[in-house]
Every structure is written in structure tokens, then in C-alpha cells.
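Predicted, not measured: the structure shown is a model, and the values here were computed from it. Per chain, numbering begins at 1; letters A, B, ... match sequence-line order.
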Number of protein chains: 4
Amino acid sequence: MGFSRARTNEQKQQRIDAVVKATAHLYDTVSYDDITFAAIAKETGFARSNLYIYFTSKEEILLELLIHDLRSWSEDIGEAFHVRKSYTVEEVAEGWTNAYLKNKRLLSLLAILFTVLEKNVSTEALAQFKRKMMEVQHRVLELLGGLLPSIHEEVLEQFLINQLALVQGLYPMAFITERQKQAIEESGTGYVAPEFASSYLNVITALLKNLNKESIS
Amino acid sequence: MGFSRARTNEQKQQRIDAVVKATAHLYDTVSYDDITFAAIAKETGFARSNLYIYFTSKEEILLELLIHDLRSWSEDIGEAFHVRKSYTVEEVAEGWTNAYLKNKRLLSLLAILFTVLEKNVSTEALAQFKRKMMEVQHRVLELLGGLLPSIHEEVLEQFLINQLALVQGLYPMAFITERQKQAIEESGTGYVAPEFASSYLNVITALLKNLNKESIS
Amino acid sequence: MGFSRARTNEQKQQRIDAVVKATAHLYDTVSYDDITFAAIAKETGFARSNLYIYFTSKEEILLELLIHDLRSWSEDIGEAFHVRKSYTVEEVAEGWTNAYLKNKRLLSLLAILFTVLEKNVSTEALAQFKRKMMEVQHRVLELLGGLLPSIHEEVLEQFLINQLALVQGLYPMAFITERQKQAIEESGTGYVAPEFASSYLNVITALLKNLNKESIS
Amino acid sequence: MGFSRARTNEQKQQRIDAVVKATAHLYDTVSYDDITFAAIAKETGFARSNLYIYFTSKEEILLELLIHDLRSWSEDIGEAFHVRKSYTVEEVAEGWTNAYLKNKRLLSLLAILFTVLEKNVSTEALAQFKRKMMEVQHRVLELLGGLLPSIHEEVLEQFLINQLALVQGLYPMAFITERQKQAIEESGTGYVAPEFASSYLNVITALLKNLNKESIS
DNA sequence: CATGAATGAGGATTCATTCAT
DNA sequence: TATGAATGAATCCTCATTCAT
């Protein structure tokens, strides 16, 4: 019983990956508060104290997972569009939306990114996270520039931020738990939770069309 | 020493108000995790166990606070516009944005409403919260209908939801802590956090203009 | 299973006494590092978390125990001398020494009082301890003044402090563990640990005689 | 990166010295409980596990440091007196006291020697420590015999032990922390901590004078 | 000899919650 | 209703120590 030591950097990375993977599994199955170092240790088979060598809080691990999902999402976007082709605004909006739908966990992590995850993390870890996140953003920005060559880069950056805000806020309103559904039912208010895909698509289509006008004028 | 009994309903409401007020003060001064029943009890002067008579989790209290702030916000919107007058889309957007800026705590509570607050709450409490929230929404919807008489009510509802999603996501991106600022600095990425007022104004102006077209067509 | 609540102040004092008593037992049987809140909880039958209502560190409890032993010692001194009688310096020294020998645990607590116990204690708790300790000292000083009426009070105070220093340092040199004895044996140095009673008696006799001269001159 | 192997005994001694020196620095700057193998490893640059080759507990290291300081102290005593000259009791007492004042860390280590340091040490390490300590004592005893030729050696030995006890007990009463000062203040008892130099000087002067009489009679 | 990953154990502390009065 | 002692569970965190390389 017990793990052999991770001597090389490669092995060290394997340990980190194992921890992130285990945390991902936990994230998909249990509630946020039940993701603890104890649970992660159990899931990985590591000793709890051993985790402290690699991470100092669960939020740090989840940021790592977020980066992973973010890269997967950016790849999906890349694959959704061909470089040579030219696309209408509606087509861009649809491909974009689909990439999110393929990465549901990314959506739910983004929803707590700025309010929860970034709170219990050291400044250094946060800085490194920001670096990795900006890398992905740059890649996506380039891609978007290729799709919408008529729009200024700064305007596209602004769009990226706005849609990110929208995604963060819309996700938890759209994907609600059974208990939330029941509460709505019991409230008798007739409230209907928004449908993520159509709402998101709607808004970003409006935003993208607006960009065109901004850039022209 | 000690509190006299709350016999009447009125006294009971006074107790509830005292608890909410104390929690509001805590919310403004300490971090979310440091808002505990122990801290609230200390702040109010009540015994910890006594709080269980009125609330069963701190999230329940915070939902109550959210409702309070929501009403204050809706009143601010009401005061921002005169019923008789007619307003341009830009004027509506600006008044709307200002009402949010007057209620910063509401913004920060909305930012965790669906991801954090609604999680640790009984279905009954949640249902009641939904009822109160919808009351406010109806009032605001009526008001908005008066301002933009040409738009269908359903479209306005959709707008309300979309801007709520935007607000939730934008707030924590715009209002960041010192540590977050420092991390961004250290990351050397040149990332600049969005400015809430202008970003929000920008997007909802686009959305409102779009509504016009939708309704016309 | 479980304790009934300590409602009155008297019951509260009973709880405190129970904790101190259990800690005393532990102190007599296990090593200092093995006196933990967990061990005390086990010994008393209380829940560990319940101890935090009464004390916040084991040092606080041990200070309480020290006070208890100090009072017992001062009573022993009181009983050793009759008020009416007059005593020679040698008789005073002997009675004084015997009172210490009757309170071995006091000796061992004094030996760590300033180096260990006073370290991990809140300022408030320490202040209260000082108050209680000075109470005992005053009583003892009065008693000593009755025995040696020719000596100035300030000189007696000085004596009290000097003998306390001596007692603290001498005790751990005289009462040594089996392992310490064995190490001395193995060292082959022929070192002989001092015998507490005779060494202490010797020194304070010299000090007391010196006091006489100081006061005369 | 990393340390080259210590093959020869000389290199081994260098390692030991480095560890002792690092521990000395720690002892002067942080609290006793914060002196851990982890901290020492960090201070030296060694790997934690490497320390186990040379020492098995921090107390062992501190005993080594104590020996070092003890030798420094004995040298200071040697330099304070000329062999040929004859000294009064008062002069001896003063030189003796000054040697302690020059070696404050020795004082603080002596204060925990028998109560703390000797506890968590193997019998062998303790035996070796005793041997080294007795070496110093012999040197000092010889020196003292030269200064006070009229006193029997056994009586001088007794004096050495008594003053050692006094030093151990007096030091922590005289040199108190800020928190202890504050607690005394808050206690309102008017207690005044003894002044080390004068108190120590006073007592050993009395003891030395008494020795004269003992030996004469 | 030197390393540092891995372990296990334990201690401090706090929280939500109950319950007798 | 109001109290606060009492509980149990859980978390965080660090330390000494081992062991394969």
C-alpha cells in the first residue's frame, strides 16, 4: 500500500493530473461543500497530507480544472470553424453557443469563478491562473478576429468580456436543481427558468450585430 | 440581561428585522465564510440557539436581505422615471444602470444568488423567496411597460432575465478585491477589469434597441 | 450518555473543578506533551469541544491547578507555625522546606511556570493568574512577617522572590527521571544530583541569616 | 543544487556546526515551538530527512548549542580573573555575574535545560551531554579553587550547584516578555519583576560569605 | 550521504444543532 | 420563547519519520 515517489517532473505532473482528475469526478458527483481535501485524498488514494505538497486549497485545484476545461472549449471553438470560410453573424453565434454546450462543467465553474474560486487562493496561484486564462483568451481572440475580420480587436475584446459575464450569470439561472424547480412550482408564480441555449444565442446575436454597426460608424 | 419574549407577530417581525440588519452589517464588513450563526448571534445579542426559531440557515437570512435590497432598488427605479414623460432608449438605460449603482450590496448578493444562496435553503423558504422576488419583478415590469409601451410584455420579461444574468456575471468581474488586482498586476498580462457602469450600459442599450426591432417586425 | 447542563454558577465551578482535577491526574501520570484537550476530554468524560467553553488552552488549566496547589502550600505553612511562638531562623527554614516537600506537584509546576506555562496563555488569563498568585503571596508574606518581626517587609519580599527562583531551579535538578539517572551513570562522570531538601534548607538558612544582618545594619 | 556528500569526519563536523548555528539563529528569533526540523532544514538549506543522520530531535541540537554557550561562558570567566591576583568575595561575585550577563542565550537555555531539553533525548545523547558539561564544570571548579583557595573543593561544588539552580530559576522571572509585562500591568497587583544582575549578585555574595564561615568552622 | 515525496497520526478549533430548564 | 451548556462531526494543518532512488 502506498504510492511510489514522484521523482521526475513528469511524474510530478502525473500526480497533479491525478488530483485534478479526481477533483473533476467529485465536482461532477457531489456538492461543492463536500469537495474537501479528505474527499480528494480518498478519491485519489493519496494521503491527505501529501496533497499539501501540490496544492494548498481546493480552490487552487478547481482553478486548474477550469483551465483544463477552458482549453477544451477553445479547441472546440477552433474545430467548429474553418479558417478559409466566411461566416454570417448567426453562424458564428451558433458555433460559439455550441462550444459552451459541449462543456457544461466549464459553464458551472465559470459561474463561481469570480465569486468563490478566486477567494481562497494565494495571490501567486491566482496570478498564474490569470496567465493561463489569458493565453486561452488570446487564442480565442485570434480565432474570432479571423471570423469577423471587419471588427476592431478592441471591440472584440469587449465582446469577449461581455459574453463571459453573460455566460456566468445565465448558466446558474438556466440549469437549476430539482429542489429549485420544486420551489418554483410551490411558489405558484408561474416563473419559467430561461433556456440557456436560446437566451444566450439571442443576446450574443444582438451583441455581434451591434459590433458591426459600432465598427462601421 | 437577555431578551424578553416575542409574543406578538409584530415582535416576531422585529426579531427578524434585527437579525437581517445584523447580518447586513456583517455582510458589509466580513467575508462570506465568516458570516456564521455564532457571529450573527454575537452581533444581535441573541443566543445562538434562539436564531433557529426564526431561520435555519444563514442563506435564508441573506435571501431575506436580498429581498429587502431588491425592494429598495425597485423604488429607486420608480423614482428615476416620471410616469407621464416619454423616454429615449438611452435615457431608460441610464436610469436603470444608476439604480443598480445605488444598490451595490444588491449587486453582490445577486452575484451569489443562484450559485450559493439558493443551495442551502429549504424548499419552502426558497418558494417563499421566489414569491417575494416575483412581486418585485411584476412591479418593475409594469414600470418598464410604461416606459416602453411599444414593446410586448413577453419581450420585456425576456429582457429582464437577460439583464439579470448580465448583472450577476458582470458585477464580480468588475468589482474585484485588492488581492485580485495584485494578482492581475503580478500576472503581467495587461488584463484590465471591465468597468461596471459603462459595460452594463453598453450591453443593455444594445439589447433595448434590439427589442424595438423585434417588436416591430 | 452525556452531561446534564451546568446551569448555575455553582455548577459551572463544578465543571471547572472537574477539568482541573482530571488535568491534575493526567499531570501526575503522563508526560507534559501528552496532556492534550483530547486526553483531558477523555479523562473528564466531556466532549472536547465543550472544554473550550471553560478554557482555551491546557496551560490555562495548569495555571489554575498551580493556584490550587499554591493555596494548599500556603495553608501548610500556616499550620506549621503557631502565631504566638517565636522561632529561630533554623526552625523557620525547616518548616518552610517541609511545606514544599508536602506539595511536590507545586514544585514541578513552578519549575515550568515562567518558561512554559505563561507562554501559551492569553494576556487576560495571565493577568488573572497573577492576581490570584499575589493574593497567596500576600498571605504568606504576612505570616513570614509574624515569624521574623525584626525584618523589613521589603527585605522579606526580596527573600520570597529569591527562594522562589531557587525552588524553580533546584527542583528539576534534584528530582530526575530514571532515564536521567541512567544517563548520568553511563556518562561515568561521577556527578551526583543534589538532594532537594538539604540543598534548599542550606541556601535559605544562609539567606535568612543574611537578612538579619541586612536589617540590623 | 543540493549538498555534496560529507565523506570525512571533518566534513561531518562541519555539517553539525551548520545545523547548530542555524538552530542558534532560530532560537534567537522565533519561539521555541516554532523551532522544528522543517524550520532548521529551511534555515540550513539541508533536506529535512538529511538532518536525521546527525540528530534525532531538536532538543539534541539545543543541548549541543548549550555546550557551545557553556564553553564560551567558562572562557569569559577565565578571562575575568588573573591567576596570580587575590580577590575579595565581592569581586569574585561581580566577575561571575558579568560572565552570565555576557551569555544571555546560555541563561535562557539553562532555564529549560532540566525541564524541557533533557526530556526528549536519547539516553546516549544525554550521557554524552553530561560528559561535556562536566568537563566545563571541572575547568570552572579549578578556576574557582584558585580564586578562593581557602574553601574545600566539595563546598565549592555545592556552591556551583546552588548558583546553577538559582540562575535557572531567576532568569525566566527577570527577563519577561512584553505580554507578561502587560499582564502584570493589567493585574493591578503592583508586582515588580526582579532585576537579574542585582538579585543574583546579592544571593551569591551571601552564599560565598557563608562558605567562608563553613570552611573555617 | 543526500534527497524529497509519501505517510500516518494527532491536535487545535469551529460549526451547526440539540435539549433541558 | 429564550437560554447557553453540551455534543459530535468535520476541517485544516503540521509534524516527525520513512523509504526508494
K.L.:
Out of E/dA5, F/dA5, E/dT7, which nucleotide sits closest to the side chain of A/Lys12?
P.N.:
E/dA5
K.L.:
Who pairs with A/Ile176 by side chain to side chain contact (heavy atoms under 4.5 Å, CB included), at least two apart in sequence or on another chain?
P.N.:
A/Gln180, A/Lys181, A/Ile184, A/Ala193
K.L.:
Can you tell me which residue pairs pass the salt bridge (charged side-chain N to carboxylate O under 4.0 Å, His left out) test with a partner in residues 30-59 of chain A, sequence neighbours excluded?
P.N.:
none
K.L.:
With sequence neighbours left out, what residues match C/Gln182 under side chain to side chain contact (heavy atoms under 4.5 Å, CB included)?
P.N.:
C/Glu186, D/Thr123
K.L.:
Sequence neighbours excluded, which residues qualify as side chain to side chain contact (heavy atoms under 4.5 Å, CB included) partners of D/Ser122?
P.N.:
D/Glu60, D/Glu124, D/Ala125
K.L.:
Report the residue (A/Ala47 or B/Lys58) whose heavy-atom-nearest nucleotide on DNA chain E is the more 5′ of the two.
P.N.:
A/Ala47
K.L.:
Name every residue in residues 34-42 of chain D that has at least one heavy atom under 4.0 Å from any atom of DNA chain F, in order of residue number, or write none if there are no such residues.
P.N.:
D/Thr36, D/Phe37
K.L.:
Within a strict 4.5 Å, meaning less than it, do heavy atoms of the C/Phe55 and C/Ile16 side chains meet?
P.N.:
yes
K.L.:
Distance check: side-chain N/O of D/Arg15 vs OP1/OP2 of E/dC1, anything under 4.0 Å?
P.N.:
no
K.L.:
Can a donor-acceptor pair be found, under 3.5 Å and without considering hydrogens, that links the side chain of B/Ser57 to the backbone of B/Asn120?
P.N.:
yes
K.L.:
Using Watson-Crick or G-U wobble pairs with both distances under 3.5 Å, give me DNA chain E in dot-bracket, 5' to 3', with [ ] for crossers and | for pairs to another strand.
P.N.:
.||||||||||||||||||||
K.L.:
For the side chain of B/Phe46, counting heavy atoms from C-beta on, which of F/dT3, F/dA5, E/dA12 is nearest?
P.N.:
F/dT3
K.L.:
Looking at residues at least two apart in the chain, or sitting in another chain, which of them share a side-chain hydrogen bond (donor to acceptor under 3.5 Å, both in side chains) with B/Arg179?
P.N.:
none
K.L.:
Quick one: side chain to side chain contact (heavy atoms under 4.5 Å, CB included) partners of D/Glu64, sequence neighbours excluded?
P.N.:
D/Val20, D/Lys132
K.L.:
Residues two or more places apart in sequence or in another chain: which of them pass ring pair (Phe, Tyr, Trp, His ring centres under 6.0 Å) with A/Phe37?
P.N.:
A/Tyr52
K.L.:
Report the residue (A/Ser49 or C/Leu51) whose heavy-atom-nearest nucleotide on DNA chain F is the more 5′ of the two.
P.N.:
C/Leu51
K.L.:
Assign C/Thr56 to base, sugar-phosphate, or nothing according to its heavy-atom contacts below 4.0 angstrom with the strands shown.
P.N.:
sugar-phosphate
K.L.:
Between C/Tyr52 and F/dG4, is there a contact of a side-chain N or O with OP1 or OP2 at under 4.0 Å?
P.N.:
no
K.L.:
Are C/Asn50 and F/dA5 close enough that a side-chain N or O sits under 4.0 Å from OP1 or OP2?
P.N.:
no
K.L.:
Given E/dA2, F/dT7, F/dT1, identify the nucleotide with an atom nearest to the side chain of D/Ile53.
P.N.:
E/dA2
